[in-house]
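Keep in mind that this is a model prediction, so the values were computed, not measured.
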Amino acid sequence: MNTALSEKRVLVISTNYGVETAEISRPVNDLRAAGARVTVAAPKPEAILTLVHDRTVGETLAPDATFADIDPGQFDLLVLPGGTINADQLRVDNDAQRIVRRFTIAGRPIAAICHAPWALIDAGVAEGKKLTSYSSIKTDLVNAGAEWVDAEAVVDDTDGWRLITSRSPQDLDAFVAAIITTLEG
């Protein structure tokens, strides 16, 4: 356990259906193993049903809180896992958008993987950021004013808040490492 992370609080937000299994379970498990205090929040206090590649039923996770219960000021970093269905629902969820905007206003880091940067567009915070994502949403991000690059992980500090992005589950090693490095300060 990394004692430097023992006082760090990480918020992971997901819908109750459709999040990519590895993109939620890997950051949650790795960050907890590293000593961070991780809270998983969902819109409803019901189980989170994950999917593998948007098709096959994966793990079920119990959320610790609902979006409405969350005070973003209590957390050091926000993780947005992907999954096409999850990301498409997060981008139009008012509470999810509120959480994303509050993190950026406070200058706190956000980590988003795969399709999750869609939520940044609808929260109005993608413009001017250098990032990566799953390639199919590149045009959406560019049209929102972001600079898209094809890289395993991108860390950008533009506009006074850190954004960590990765393309897909294959990039989880780099994604989680960038999150841990950020938390270590």
Side-chain angles (χ1 to χ4, degrees), residues 2 5 8 10-36 38-43 47-64 77-93 96 99-100 103 109-123 126 129-142 144 146-156 162-184:
N2 182 343
L5 298 188
K8 299 297 182 177
V10 176
L11 175 62
V12 179
I13 64 171
S14 170
T15 57
N16 292 94
Y17 176 80
V19 65
E20 179 67 32
T21 302
E23 293 175 359
I24 191 167
S25 62
R26 177 77 187 281
V28 167
N29 294 336
D30 287 7
L31 290 168
R32 284 180 175 157
V38 179
T39 298
V40 178
I48 296 169
L49 181 60
T50 72
L51 296 176
V52 178
H53 305 300
D54 292 330
R55 290 183 290 275
T56 307
V57 174
E59 300 172 16
T60 300
L61 289 91
D64 303 304
L77 186 139
L78 172 64
V79 176
L80 302 171
T84 309
I85 296 167
N86 175 64
D88 192 48
Q89 292 175 30
L90 281 180
R91 71 185 300 190
V92 296
D93 184 288
I99 291 166
V100 169
F103 267 83
I110 297 175
I113 188 167
C114 199
H115 288 78
W118 263 342
L120 304 174
I121 295 170
D122 287 274
K129 296 302 273 187
K130 181 178 181 178
L131 52 75
T132 195
S133 67
Y134 196 74
S135 62
S136 68
I137 69 168
K138 171 185 175 180
T139 300
D140 296 338
L141 290 160
V142 170
E147 177 188 347
W148 191 90
V149 297
D150 185 13
E152 176 175 66
V154 176
V155 177
D156 180 72
R162 175 165 284 188
L163 177 61
I164 302 161
T165 52
S166 284
R167 301 171 297 200
S168 72
Q170 288 73 32
D171 298 328
L172 279 164
D173 288 342
F175 184 65
V176 173
I179 292 169
I180 290 173
T181 297
T182 295
L183 288 170
E184 289 174 332

[X] (side chain) donor-acceptor with [Y] (main chain) under 3.5 angstrom:
X: D54; Y: T84; answer: yes
X: R32; Y: V38; answer: yes
X: N29; Y: S25; answer: yes
X: N86; Y: G18; answer: no

Rounded distance (nearest 0.5 Å) linking atom [atom1] of [X] with atom [atom2] of [Y]:
X: E23; Y: I113; atom1: CD; atom2: CD1; answer: 4.5 Å
X: L31; Y: R26; atom1: CG; atom2: CZ; answer: 10.0 Å
X: L78; Y: T39; atom1: CG; atom2: OG1; answer: 11.5 Å
X: L49; Y: S14; atom1: CG; atom2: OG; answer: 10.0 Å
X: I110; Y: I179; atom1: CD1; atom2: CD1; answer: 11.5 Å
X: L77; Y: K8; atom1: CG; atom2: NZ; answer: 9.5 Å

Quick check: closest heavy atoms across [X] and [Y], and the distance to 0.1 Å?
X: N16; Y: A42; answer: ND2-CB, 3.6 Å
X: P109; Y: F103; answer: O-CD2, 3.7 Å
X: P27; Y: A22; answer: CD-O, 3.5 Å
X: I13; Y: A96; answer: CD1-CB, 4.1 Å
X: P169; Y: E20; answer: CG-CG, 4.1 Å
X: T132; Y: T165; answer: N-OG1, 2.9 Å

Side chain to side chain contact (heavy atoms under 4.5 Å, CB included), paired with I48, selected from V19, T15, T60 = V19
Can you check whether S135 reaches D150 side chain to side chain, under 4.5 Å on heavy atoms?
-> no
Minimum side-chain heavy-atom gap L120-L80 below 4.5 Å = yes
Identified side-chain hydrogen bond (donor to acceptor under 3.5 Å, both in side chains) counterpart of D156 within the set K129, K130, R162 | K129
Can you check side chain to side chain contact (heavy atoms under 4.5 Å, CB included) on I180 and E184, steps first, answer last?
-> CA-CA 6 Å; I180 290 173; E184 289 174 332; 3.7 Å; yes
Side chain to side chain contact (heavy atoms under 4.5 Å, CB included) between W118 and L90: does it pass, once the steps are laid out?
-> CA-CA 8 Å; W118 263 342; L90 281 180; over 6 Å; no
